[in-house]
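This report concerns only the one structure given below.
In this text, all values refer to a predicted model and were calculated from it rather than measured experimentally. For this chain, numbers begin at 1 and follow the sequence in order.
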Amino acid sequence: MGKKLEKGLKEKNASAVSQDEENPNKTPEPYSCTGNFQADFTELCRRNSMTYIPPIIPRARPPTVMGHTESGKPDKGKGKAPQAPVEPDPDPEQDLDGEGIEAPPKTFTIKEKFEYFKPSVQVEMENFDKPDTVTEIYIRGWKIVEPIMEIFKQCWPKMAKLHTINLWNCGLSGEVITILASTITEIPEMRNLVLDGNTVVEENWHELMGEESPIQNLSLRHCGITDKGAEQIGQALGSTKRCNTKLISLNLSGNRITDVGAEHIALGLRMNRNLMSLSLASNFIGDKGASKIAEILSRFPLTHEEVVERRKHFSEKDFPERNKSPPGSRRDGSKDRPASVRSQSHMDKDKKGSKASAKKKDPKGKDAKEEEKHDKTKKKEKEDKTLTKKGDKSGTVGGRSSGASIAADTKGTKGKGKGKDKTKQAAQEVEDLSGGEVVNPLTDVADFIDGQLWVSGNRVLINLNLSRNKIAESGMNNLLKAMQYQTTILMDNKSGGTGLMRIALLKNKISQEHDVMRKLNDIMLHKDPYYKQPPQTPDVQSTT
């Protein structure tokens with residue numbers, strides 16, 4: 001019986017294999033990625049019947065020198081195993097004339113021409129023994145089409161340590177950018193994205209800067225971005241409705257952005273308080289674009305739309321209970337009003353009900369007294385808020401109340417009956433303000449000048465590169481005024497940011513020996529974090 005069963009099982013397996021061979025068009029089961037990039041990518045390419053599967057190789061590194069560690073320091077210390085003796089170099093080969101042939105250097109490896117230019121995926125790994133520790137991906141010089149990007153869309157989200165993607169000169173299209181934008185939101189540790197050398201006709205780069213995008217450093221050098229793409233990028237940076245809160249560095253050098261595109265990017269910087277580094281080098285920006293950027297860095301008037309949003313923000317902040325429906329257990333007769341608004345008739349009814357309940361000694365009388373106490377405490381809290389707002393107008397910078405004004409309020413409350421509670425609340429407020437959270441620029445302190453509300457400009461941006469453009473004297477003069485304004489503001493308070501610390505203006509339509517450039521360089525020299533004062537001579541030290 002056992003032999004018959006074995007024969008039957010073998011016949012069944014053989015028939016199943018033959019059926020699979022007879023039905024090659026049968027759809028295989030969906031593949032679930034495991035986080036091993038090499039295995040997942042190879043299997044998905046095989047399932048898509050690709051004729052050539054690009055190999056995944058470690059990124060090339062310069063070879064280490066013998067006798068030195070990776071850090072460049074010689075090995076020292078006792079207790080190490082004895083090193084093997086260094087073999088002498090072989091005798092150099094000789095040509096037909098008997099002259100020695102110079103050996104090739106050992107700093108690189110030689111490959112065949114066609115093999116070198118074949119598509120490959122270079123990776124950086126934390127541990128080369130563990131294939132699931134890929135941190136960076138580099139693809140250079142071969143076209144990435146939609147099927148390949150769909151494969152990447154399945155592989156990359158499963159890679160737990162991937163944080164950098166570099167696609168240089170890969171012939172990306174608008175559809176591929178859309179797929180990439182939806183993919184990066186699913187990668188858990190994604191931070192850096194480099195897409196240099198990709199000219200996209202649709203110029204839909206703004207999709208990479210959406211609200212859910214985790215990108216912190218974005219490089220779009222030499223991508224042929226025009227004013228159309230710059231307008232969309234400016235809207236993605238910030239507007240009155242929404243603002244990008246993740247992007248820290250943006251590189252747009254080597255594109256075709258003119259004054260129009262620079263103005264759109266400046267409009268995005270009006271509401272953006274997260275971007276710290278911006279490069280617009282090697283573009284076609286002139287005096288108008290530079291003047292608009294300088295206006296955003298100093299101070300600017302709010303538009304009608306921004307004023308409306310400012311009022312909405314303050315109204316929601318002062319009366320948050322407007323959007324909440326009143327609870328059904330309280331004031332059943334006042335369903336159409338908020339809980340804090342009560343008519344005179346309801347007040348009279350509450351008084352009569354409280355008197356009657358006091359005579360009858362009902363437990364409901366306690367509820368009425370508690371409601372009256374609750375209303376009184378609400379009124380006191382509103383009065384305290386209005387007083388603190390009036391006092392904070394003189395001591396607020398960048399929409400934040402200063403600690404000095406709160407400390408003055410706490411001194412005034414000491415010595416009174418309930419001064420201890422107020423001092424504790426004030427101390428808690430000081431601790432909360434020291435957190436340094438980014439404030440909406442619409443809530444900043446505004447000055448009313450000539451019928452317009454003026455607010456202070458962007459002081460979060462610390463690095464700006466405008467070199468190799470077409471900026472002349474008038475644009476540089478406006479940038480100088482902006483830097484002078486920032487220095488005067490920073491003398492009073494630095495809570496809104498440090499302002500520009502580095503600005504690159506080389507190779508524009510103005511000489512570095514011009515008076516405006518000298519003044520600008522003198523101001524920025526001491527703000528540069530890498531600036532070091534020259535050492536003083538002994539004569540100067542003795543006089544000081």
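Taken to the nearest 0.5 Å, the CD1 atom of I148 stands 5.0 Å off from the SG atom of C45. Expressed to the nearest 0.5 Å, how far CG of N458 lies from CG of N272 amounts to 7.0 Å. Between atom CG of residue L466 and atom OG of residue S253 there is a gap of 11.5 Å, rounded to the nearest 0.5 Å. With rounding to the nearest 0.5 angstrom, the CD1 atom of I215 is 7.5 Å from the CG atom of L208. Here the CE atom belonging to M271 is positioned 12.5 Å from the CG atom belonging to L237, to the nearest 0.5 angstrom.
Under a 3.5 Å cut-off, the side chain of D227 and the backbone N or O of G261 do form a donor-acceptor pair. Of the possible donor and acceptor atoms, one in the side chain of N283 sits under 3.5 Å from a partner among the backbone N and O of A281. No donor-acceptor distance shorter than 3.5 angstrom exists from the side chain of S282 to the backbone of R468, with no hydrogens or angles considered. Between the W142 side chain and the S120 main chain, a donor and an acceptor come within less than 3.5 Å of each other. Distance alone, capped at 3.5 Å, places no donor-acceptor pair between the S467 side chain and the K507 backbone. Remark: the backbone N or O of K118 is not paired with any side-chain donor or acceptor of Y52 at under 3.5 angstrom. Judged by distance alone, with hydrogens and angles left aside, the side-chain atoms of N465 form no donor-acceptor pair with the main-chain N or O of L280 at under 3.5 Å. Remark: side-chain polar atoms of Q486 are paired, donor with acceptor, to backbone N or O of L297 under 3.5 angstrom.
The salt bridge (Lys or Arg N to Asp or Glu O under 4.0 Å) analysis of residues 175-198, with sequence neighbours excluded, yields the pairs E189-R191, D196-R221. Counting only residues at least two apart or on different chains, the salt bridge (Lys or Arg N to Asp or Glu O under 4.0 Å) pairs with a member in residues 509-519 are E513-R518. Pairs engaging residues 243-257 under the salt bridge (Lys or Arg N to Asp or Glu O under 4.0 Å) rule: none recorded [sequence neighbours left out]. Screening residues 132-157 for salt bridge (Lys or Arg N to Asp or Glu O under 4.0 Å), with sequence neighbours left out, gives no hits.
T240 and E305 share a donor-acceptor pair across their side chains, judged by distance under 3.5 Å alone.
Taking the ring pair (Phe, Tyr, Trp, His ring centres under 6.0 Å) definition, one finds that H304 meets it with nothing, sequence neighbours left out. Every residue two or more places apart in sequence or in another chain was checked for a side chain to side chain donor-acceptor pair (under 3.5 Å) with Q235, and none qualifies. Here F41 pairs with F37, F152 under the ring pair (Phe, Tyr, Trp, His ring centres under 6.0 Å) rule; sequence neighbours left out. In terms of the side chain to side chain donor-acceptor pair (under 3.5 Å) criterion, S298 has no residue partners (sequence neighbours excluded). For the side chain to side chain donor-acceptor pair (under 3.5 Å) test, no residue two or more places apart in sequence or in another chain qualifies with N508. Residues forming a side chain to side chain donor-acceptor pair (under 3.5 Å) with T133 (at least two apart in sequence, or on another chain): none. With sequence neighbours excluded, the residues satisfying salt bridge (Lys or Arg N to Asp or Glu O under 4.0 Å) with R502 are D528.
Heavy atoms from other residues, nucleotides or ligands lying under 6.0 Å from NZ of K288 number 12 at most. In this structure, R311 places its CZ atom where only 12 or fewer heavy-atom neighbours from other residues, nucleotides or ligands lie under 6.0 Å away.
Shown here for P55 and P119, the closest heavy-atom pair between the two residues is CD-O, 3.3 Å. Nearest heavy-atom pair, I144 versus V176, reported as atom, atom and distance to 0.1 Å: O-CG2, 3.8 Å.
Residues L250 and I265 fail the side-chain proximity criterion, which asks for heavy atoms closer than 4.5 Å. Annotation: side chain of R299 is not in contact with side chain of I489 (no heavy-atom distance under 4.5 Å). Contact check for I137 versus N166: no side-chain heavy atoms found under the 4.5 Å cut-off. Looking at L479 and L505, their side chains come closer than 4.5 Å, going by heavy atoms from C-beta outward. Annotation: side chain of L195 is not in contact with side chain of V200 (no heavy-atom distance under 4.5 Å). Contact of the P301 side chain with the E295 side chain is registered, since non-hydrogen atoms from C-beta on lie closer than 4.5 Å. Here the side chains of I187 and I165 are in contact, with some heavy-atom distance below 4.5 Å.
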Show me the side-chain donor-acceptor pairs of residues 156-164 shorter than 3.5 Å, one per line, residues at least two apart or across chains.
residue	atom	partner	partner atom	Å
K161	NZ	E126	OE1	2.9
T164	OG1	N192	ND2	3.0

